[in-house]
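Fair warning: this is a prediction, and the values are worked out from it, not measured in the lab.
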Amino acid sequence: GSAPPTNDVTGDSMGSTASFDKPGLTEVPQVPGLDNLQFQIKRLWDAAVYRKAKATPSSSRRRAASTGSSTKKDNDCLDVVTCCDLLCNLLTQMDASSAPGSVDLFREFSDPSSKGGTKVSFIQFWSVFVQIMLAVPLFSEPLLKTRFQEGMSLEKWRWFLVQVQDEDRVLVEGAQQWFAKMGEPDVDEGGNMTILGVSKYLCSSTNSILKPERCELHQDMTRPLAEYWISCAHHVFADPILSTKAPPSVSAASADGPQPAFLPPTKYNPRSHTSGAPDVPEQLRTFHATLWTGCRCVGLVLVPPCSMGDVGKTVPCAKAEGPYVLLNKERVSLEGVLQVVRNHAFEHTMFPLLLVLWLGLLPTVLCKTVPSCLAKNLEGRLLTRSGTELPSPEDAQGHVVVVLAPNSPEMDLLSELEPPVALQNANATPAMTRDEAPSDALEAWQDASEQFTVWHGEVVDELQLGVKPTGVSLGFLACDELCALTATRHDELIRLHRRQLTLVHPIAPRGAPANYNVGEAWAAGAQLAALSLGCHTCDTAVFAQAGRFGADNGGCGLVLKPARLREEATEATIPRPLKFEIRIIIARAVPGAAGHARPTRSLVVAVSIWGETRDCARHTSRPVRASGPVISWPDFAKSGEAVPFRFCIGARDTAILVVELIELDISYKRQCCVGFFAAPIDGLRQGIRWLPLWTPSRGG
């Protein structure tokens with residue numbers, strides 16, 4: 001029926017790898033075929049040693065020959081970089097340059113007194129390799145153990161793909177061709193797959209828990225914008241840390257977190273913010289990170305340059321001109337923000353960007369300059385479409401849509417300020433000053449609406465639920481109002497969102513930003529569930545948003561809503577209830593908190609479901625300590641005895657799975673997420689699956 005078998009998953013980290021306590025002393029239990037695999041790996045090791053010796057100058061070889069036995073022993077060792085190349089090539093068919101964090105695996109072998117640098121013996125390399133290969137955990141799985149007893153033949157592998165993984169016919173029939181392409185050490189002399197071959201397949205994107213076709217741009221992008229969920233950022237951004245700079249030895253990918261160990265393919269990985277954009281000023285890096293991760297709607301609070309009291313010391317007030325954008329407490333110039341939008345908003349996707357402007361704190365003299373600033377800095381990018389119908393993502397490709405937000409108490413500007421009268425909608429008047437009349441700003445915006453598209457925002461209330469909208473507008477709905485309406489008028493909300501865009505936003509104070517259940521907003525059909533990104537690195541709501549938009553539909557930031565939310569629901573479009581079970585078998589190469597190469601305290605794994613209120617649930621494992629470069633949970637060790645996490649999900653087409661690895665700090669009573677993964681429930685596959693761990697950062 002509707003209940004698939006248990007999902008058993010392994011995890012790979014996007015952060016730095018973990019090194020283990022006693023290198024070279026790990027006792028490896030007996031695994032069939034492991035001795036033969038060790039012999040094959042030793043041949044590759046000896047070949048690497050021979051290549052190293054051949055590349056060494058003859059004079060150096062003569063000096064080495066005249067020294068003692070310790071030098072001869074060193075000649076059978078390899079340097080760390082070569083070990084990393086060999087390890088990464090065996091496990092992922094990449095070299096160490098694609099996995100710079102793999103160096104941490106061999107950090108324990110470092111000898112400060114060694115003039116030749118760190119040397120790694122084959123015994124030490126093999127100890128690391130067996131653990132990272134997950135030989136023992138995979139062999140201990142009952143679903144695999146019986147098949148390994150007499151060798152994993154092609155026939156057994158096909159049955160595994162059918163009975164355990166429930167793969168489609170095309171993949172099962174292609175197993176023979178895939179077998180033929182493999183060579184030693186992935187297969188043994190008899191043509192059976194080794195534990196390394198199985199591990200490489202199970203921990204690869206081919207075996208991802210998320211369906212591969214969901215990671216491509218596969219949806220119809222010609223429908224009106226109201227029929228899509230759109231990735232949205234609230235107007236609270238993390239302030240820049242101007243004094244923090246990555247050392248020259250750290251690669252660009254590590255600027256926001258630890259070094260990655262094994263990088264999954266880009267299509268399975270939400271884009272990470274890097275320092276590879278030299279034209280972006282340092283104070284705008286957090287805003288750039290928001291665009292980089294695929295947000296297609298961003299909110300901007302515009303403020304005067306010198307009237308914010310202690311807020312905003314980025315630029316001296318004496319030299320500040322024009323409107324500024326408030327991040328959290330710091331200010332940056334509007335022109336600088338628009339230049340980042342122009343240069344970087346369409347780097348990874350050409351679908352439109354909605355720019356929501358909050359003008360409540362601007363005086364008239366500055367309010368009327370905003371249209372010209374937009375036209376100057378976004379020339380050629382502003383949408384010029386007219387009419388009363390919403391455009392489709394394809395029609396508005398490469399363009400920016402300007403939205404004027406209403407002035408309401410829920411917009412949460414600084415509580416210590418008394419905002420002046422703001423633009424309520426297209427017919428509202430801006431704040432008055434002695435030198436300027438409100439009509440000046442209104443006239444400037446009316447002229448601007450003839451040059452480019454300007455949508456006005458209005459607060460959604462109960463009276464609007466049954467009214468058909470006239471023209472194009474954007475509704476604004478506070479998250480607490482959403483909760484009240486979904487409890488009593490859920491079906492009416494869905495009908496409203498079939499024809500009108502709505503932005504749901506948080507109402508927490510700016511000084512302590514907090515988010516809400518975005519799954520509830522999506523389940524009500526709301527297209528834009530705005531979140532405060534990057535202010536906290538353990539915000540599960542942000543993880544749920546990454547699960548909705550990070551990889552689905554190619555990570556373009558827009559996902560087509562289910563048919564029942566786009567049109568009248570029928571029996572065929574209403575999802576059946578789902579019983580979902582999941583075990584976390586093992587995680588490898590997990591980074592520690594605060595930039596540490598490995599976890600230094602106990603860890604728990606938390607699995608939660610985000611969606612309709614009735615579907616939301618969260619389960620947490622018992623704390624465990626990291627053992628070597630891998631982390632396992634005894635509660636999930638054996639599928640025949642372990643009790644998996646169980647969830648009952650009513651609306652699977654709107655639910656999101658979030659898996660978190662959390663490091664606990666009991667002394668300070670706090671926790672830190674060191675890695676997470678999230679994906680839509682209706683896009684998951686059953687069986688023993690792999691999921692990549694993503695690292696949270698200040699950009700979201």
Side-chain angles (χ1 to χ4, degrees), residues 217 230-235 237-242 245-246 251-253 255-256 266 269-302 305 314-315 320-327 330-357 369-385 393-403 448 451-454 533-534 549-550 554-558 697-700:
L217 183 60
I230 304 173
S231 180
C232 183
H234 196 41
H235 56 63
F237 302 94
D239 288 328
I241 303 178
L242 301 180
K245 294 184 179 180
S251 68
D256 284 336
T266 303
N269 172 35
R271 301 179 194 91
S272 58
H273 178 232
T274 71
S275 301
D279 61 321
V280 178
E282 202 160 353
Q283 61 266 28
L284 290 172
R285 287 293 171 86
T286 54
F287 177 75
H288 174 241
T290 301
L291 296 177
W292 189 273
T293 52
C295 280
R296 293 291 87 193
C297 177
V298 293
L300 302 177
V301 171
L302 303 189
T314 305
V315 180
E321 295 180 359
Y324 270 62
V325 174
L326 190 64
L327 298 178
E330 295 286 338
R331 296 169 300 116
V332 293
S333 69
L334 174 61
E335 284 200 3
V337 171
L338 296 180
Q339 285 297 317
V340 173
V341 170
R342 178 179 180 83
N343 297 332
H344 300 283
F346 301 97
E347 284 184 319
H348 303 292
T349 176
M350 290 301 295
F351 293 123
L353 174 72
L354 274 63
L355 205 60
V356 181
L357 304 180
T369 65
V370 175
S372 59
C373 186
L374 291 169
K376 174 184 174 183
N377 292 279
L378 298 179
E379 183 180 2
R381 286 293 186 188
L382 294 171
L383 185 67
T384 58
R385 177 190 176 98
E394 187 173 286
D395 292 338
Q397 282 190 93
H399 289 91
V400 176
V401 181
V402 178
V403 181
Q451 302 175 28
F452 54 85
T453 301
V454 180
L533 301 181
F549 300 105
C556 70
L558 292 96
S697 70
R698 299 182 73 247

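Considering only heavy atoms from C-beta on, Leu355 comes within 4.5 Å of Leu374 through its side chain. With a 4.5 Å cut-off on side-chain heavy atoms, Arg285 and Val280 count as touching. Between Leu300 and Phe237, the closest side-chain pair of non-hydrogen atoms falls below 4.5 Å. At a threshold of 4.5 Å between non-hydrogen side-chain atoms, the residues Cys295 and Leu533 count as touching.
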Point to revise | Leu302 and Val325: CA distance, side-chain angles, deciding distance, side chain to side chain contact (heavy atoms under 4.5 Å, CB included) verdict | key: CA-CA 5 Å; Leu302 303 189; Val325 174; 3.7 Å; yes
Practice item. Go through Val332 and Phe287 one step at a time and tell me if the side chain to side chain contact (heavy atoms under 4.5 Å, CB included) criterion holds. Key: CA-CA 10 Å; Val332 293; Phe287 177 75; over 6 Å; no
Check your understanding: What's the verdict on side chain to side chain contact (heavy atoms under 4.5 Å, CB included) for Val356 and Cys232, showing C-alpha distance, side-chain angles and the deciding distance?
Key -> CA-CA 10 Å; Val356 181; Cys232 183; over 6 Å; no
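Scanning all heavy atoms of the two residues, the minimum distance from Ala233 to Thr290 falls at CB-CG2, 3.6 Å. Nearest heavy atom pair, residue Cys556 against residue Leu217, reads SG-CD1, 3.9 Å. Residue Gly294 comes nearest to Ser231 through the heavy atom pair O-CB, 3.9 Å, listed as atom of the first residue, atom of the second, then distance.
The backbone N or O of Ala238 lies less than 3.5 Å from a partner atom in the side chain of Thr286, making a donor-acceptor pair. A donor-acceptor pair under 3.5 Å links the side-chain atoms of Thr453 to the main chain of Leu383, judged by distance alone. A donor-acceptor distance shorter than 3.5 angstrom exists from the side chain of Arg342 to the backbone of Glu379, with no hydrogens or angles considered.
Interatomic distance, CD of Glu282 versus NE2 of His288, reported as 13.5 Å (0.5 Å rounding). Note that CG of Leu353 is 9.0 Å distant from CG of Leu378, once rounded to the nearest 0.5 Å. For the atom pair CG of Asn343 and CZ of Arg381, the computed distance is 9.0 Å after rounding to the nearest 0.5 Å.
Checked against ring-ring contact (aromatic ring centres under 6.0 Å, His included), Phe351 has no partners two or more places apart in sequence or in another chain.
Relative to the ring axis of Phe346, Arg296 places its NZ or CZ within 45° and under 6.0 Å from the centre.
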Show which side-chain atoms of residues 395-402 pair as donor or acceptor with protein atoms under 3.5 Å away, not counting sequence neighbours.
residue: Asp395; atom: OD2; partner: Ser392; partner atom: OG; Å: 3.0
residue: Gln397; atom: NE2; partner: Glu394; partner atom: O; Å: 3.4
residue: His399; atom: ND1; partner: Gln397; partner atom: O; Å: 2.8

